[in-house]
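Worksheet: one structure, shown below.
In this chain, numbering begins with 1 at the start of the sequence shown.
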Amino acid sequence: MPLILGLESSCDDSAAALVSSDRQILAQAVVGQNDAHRPFGGVVPEIAARAHVEILPGLIRRVLDDAKLSLDAVDAIAATAGPGLIGGVMVALLAGKGLALAAGKPLIAVNHLEGHALSPRLADPDLDFPYLLLLVSGGHCQLLEVRGVGDYRRLATTIDDAVGEAFDKSAKLLGLPYPGGPAIEELARHGDSQAVPLPRPLAGSNEPHFSFAGLKSAVQRAVASNRHRPEDVAASFQQAVIDCLVDRTAVALESSTAPSLVVAGGVAANQAIRSALAALAQRHGRRFSVPPAWLCTDNAAMIAWAGAERFAAGMTDGLDAPARARWPLDEAAEKVRGAGAKA
Ligand code: KG4
Ligand code: ZN
């Protein structure tokens with residue numbers, strides 16, 4: 001059974017994992033840098049890149065030791081090659097190239113978004129192609145038809161902020177620590193989701209795309225008014241996001257015959273969002289799949305798994321594979337205002 005070593009360093013998590021083609025996670029390790037970035041309220045690219053240089057090699061050592069294996073037992077090295085913060089991307093990609101070169105193993109340059117997109121298949125052996133994917137992370141909010149490995153059609157994207165970005169910016173306005181998603185989810189548990197009137201940008205429109213900038217501005221006004229409890233703002237914000245995600249995904253479900261609805265990416269760790277999308281899938285007669293929360297936020301098991309899927313399809317890369325700051329899954333999709341910079 002092919003065994004893949006996966007490496008990830010495209011944002012603020014350094015990670016390594018060993019995953020086999022029959023979905024066994026032999027070992028995995030993630031080290032986040034939240035404490036280093038917290039004083040700045042967001043990820044500082046230079047700090048992140050330097051931290052990856054210090055942390056990632058030790059994690060590679062650790063997963064090999066945990067699995068009691070040497071590099072000889074590995075069949076291919078999969079490393080994230082983008083999109084992301086380019087200084088960070090280069091760390092895992094170059095580490096992967098060095099290992100591939102030294103051990104004489106093939107390199108697989110993985111698109112981080114493909115890691116998220118295929119991660120549900122690592123957790124759910126019965127999830128077949130095609131499926132409709134809602135990909136919600138710190139840099140993205142997209143609806144994609146996943147037709148096969150390397151075969152994606154983008155149905156919708158955000159015209160301004162990504163959904164994780166909306167969580168992080170709203171959390172900052174509420175004085176909550178970075179990353180904002182988990183902090184808002186926790187605070188929202190104690191609040192009233194109907195207390196603060198907030199907009200649902202684009203809800204009810206026939207156009208497929210997402211928008212979150214107006215929602216963030218409304219949160220800003222609500223906080224500045226001093227008329228609302230923070231927990232009510234958090235709960236109302238989270239409910240507005242859920243309503244937008246459900247409304248836009250319902251539009252995509254109308255135009256897709258894919259039998260399954262899948263949600264992945266860091267924001268898919270949110271329990272309320274998971275429940276709302278499960279209910280939506282049920283209303284539309286679709287199967288629903290979502291990876292466990294740890295597999296939604298950045299990790300290397302999803303990179304190793306995407307590597308395993310690509311390896312099985314004969315897709316390996318040369319040692320000259322580029323590091324890419326921008327790398328859309330669907331290269332043919334039309335550019336959308338605001339979404340271009342983040343793919
Ligand atoms: O996929 P990810 O780990 O990194 C990127 O590729 O961007 O996603 C990170 C994003 C952050 O914006 C974070 O606030 C958000 O996912 N996030 C959440 C939750 N956990 C992480 N958002 C809402 N609720 C959560 N529980
Ligand atoms: Zn990610």
Side-chain angles (χ1 to χ4, degrees), residues 6 8-15 17 28-38 41-43 45 48 52 80 82-85 88-89 92 110-123 133-144 146 157-158 161-172 176-188 210 212 216 234 237-238 241-242 244-245 249 262-278 289-306 327 329 339 342-343:
E8 159 65 35
S9 63
S10 64
C11 191
D12 61 338
D13 292 300
S14 311
Q28 70 122 354
V30 186
V31 172
Q33 308 169 2
N34 288 342
D35 293 344
H37 300 287
R38 192 162 287 137
V43 178
H52 290 309
T80 299
L85 304 173
V89 169
V110 173
N111 183 321
H112 179 88
L113 300 175
E114 184 164 53
H116 281 303
L118 297 177
S119 66
R121 281 168 51 81
L122 170 56
L133 170 71
L134 174 64
L135 176 50
V136 278
S137 70
H140 298 89
C141 186
Q142 301 186 354
L143 281 156
L144 296 148
V146 181
T157 186
T158 176
D161 290 350
V163 64
E165 203 177 350
F167 268 98
D168 294 335
K169 288 178 177 172
S170 298
K172 204 170 177 178
L176 298 172
Y178 175 85
I184 288 199
E185 181 173 21
E186 179 52 34
L187 189 60
F210 297 88
F212 294 103
K216 177 197 61 195
F237 165 79
Q238 184 170 278
V241 169
I242 289 171
C244 292
L245 293 177
T249 306
V262 174
V263 56
V267 179
N270 184 292
Q271 199 52 55
I273 291 175
R274 296 161 81 92
S275 306
L277 288 158
S289 190
V290 61
W294 73 265
L295 195 51
C296 290
T297 49
D298 285 351
N299 65 87
M302 70 179 191
I303 303 304
W305 175 251
W327 189 0
L329 275 181
K342 304 166 203 124

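Scanning for side-chain contact (heavy atoms from CB on, under 4.5 Å) contacts around Ser9 gives His52, Val91, Ala92, with sequence neighbours left out. Considering only residues two or more places apart in sequence or on other chains, Gln28 meets the side-chain hydrogen bond (donor to acceptor under 3.5 Å, both in side chains) condition with none of them. Looking at residues two or more places apart in sequence or on another chain, you find a ring pair (Phe, Tyr, Trp, His ring centres under 6.0 Å) between Phe167 and Phe237. Asp12 meets the side-chain contact (heavy atoms from CB on, under 4.5 Å) test with Gln33, Asn34, His37, Val43, Tyr178; sequence neighbours excluded. The side-chain hydrogen bond (donor to acceptor under 3.5 Å, both in side chains) check on Lys216 picks up Asp161, with sequence neighbours excluded.
Residue His116 holds its NE2 atom at 10.0 Å from CG of Leu133, rounded to the nearest 0.5 Å. One distance of note links CD1 of Ile242 with CG of Asn270; it measures 6.0 Å at 0.5 Å rounding. In this structure, OG1 on Thr249 lies 4.5 Å from CG on Leu134, to the nearest 0.5 angstrom.
Relative ring orientation between Phe212 and Phe210 is described as parallel, the plane-to-plane angle staying below 30° on a 0-90° scale split at 30° and 60°.
You'll find the side chain of Val136 reaches within 4.5 Å of the side chain of Val263, heavy atoms only. Using a 4.5 Å heavy-atom cutoff, the side chains of Ile184 and Leu176 are in contact. Counting only heavy atoms from C-beta outward, the side chains of Val163 and Val241 approach each other to under 4.5 Å. Taking the side chain as every heavy atom from C-beta outward, Val290 and Val262 never approach each other to under 4.5 Å. Looking only at side-chain heavy atoms (C-beta outward), His112 and Val89 stay at 4.5 Å or farther from each other.
Of all non-hydrogen atoms in Glu8 and Cys11, the two that sit nearest each other are OE2-N, 4.0 Å. Thr80 and Ser10 get closest at one heavy-atom pair: CG2-CB, 3.9 Å. Contact between Cys296 and Ala269 at its shortest, heavy atoms only, is CB-N, 3.9 Å. Listed here is the closest heavy atom pair of Val110 and Gly115: CG1-N, 4.4 Å. Here the closest heavy-atom approach between residue Ala301 and residue Ala17 is recorded as N-CB, 3.5 Å. Of all heavy-atom pairs spanning Ala162 and Ser137, the tightest one is CB-O, 4.0 Å.
Although no hydrogens or angles enter the test, the distance criterion places a donor-acceptor pair under 3.5 Å between the side chain of Arg274 and the main chain of Pro291. In terms of modelled atom types and a separation under 3.5 Å, the side chain of Asp168 and the main chain of Ala171 share no donor-acceptor contact.
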Please test Leu329 against Asn111 for side-chain contact (heavy atoms from CB on, under 4.5 Å), starting from the C-alpha separation and ending with a verdict. CA-CA 8 Å; Leu329 275 181; Asn111 183 321; 3.7 Å; yes
Please walk me through it: do Leu245 and Ile273 pass side-chain contact (heavy atoms from CB on, under 4.5 Å)? CA-CA 8 Å; Leu245 293 177; Ile273 291 175; 4.0 Å; yes
Would you check, one step at a time, whether the test side-chain contact (heavy atoms from CB on, under 4.5 Å) holds for Leu113 with Leu135? CA-CA 8 Å; Leu113 300 175; Leu135 176 50; 4.0 Å; yes
The test is side-chain contact (heavy atoms from CB on, under 4.5 Å); show your working for Leu295 and Leu122 and say whether it passes. CA-CA 9 Å; Leu295 195 51; Leu122 170 56; 4.1 Å; yes
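Among residue pairs with one or both ends in residues 178-187, those qualifying as salt bridge (charged side-chain N to carboxylate O under 4.0 Å, His left out) are Glu186-Arg189; sequence neighbours excluded.
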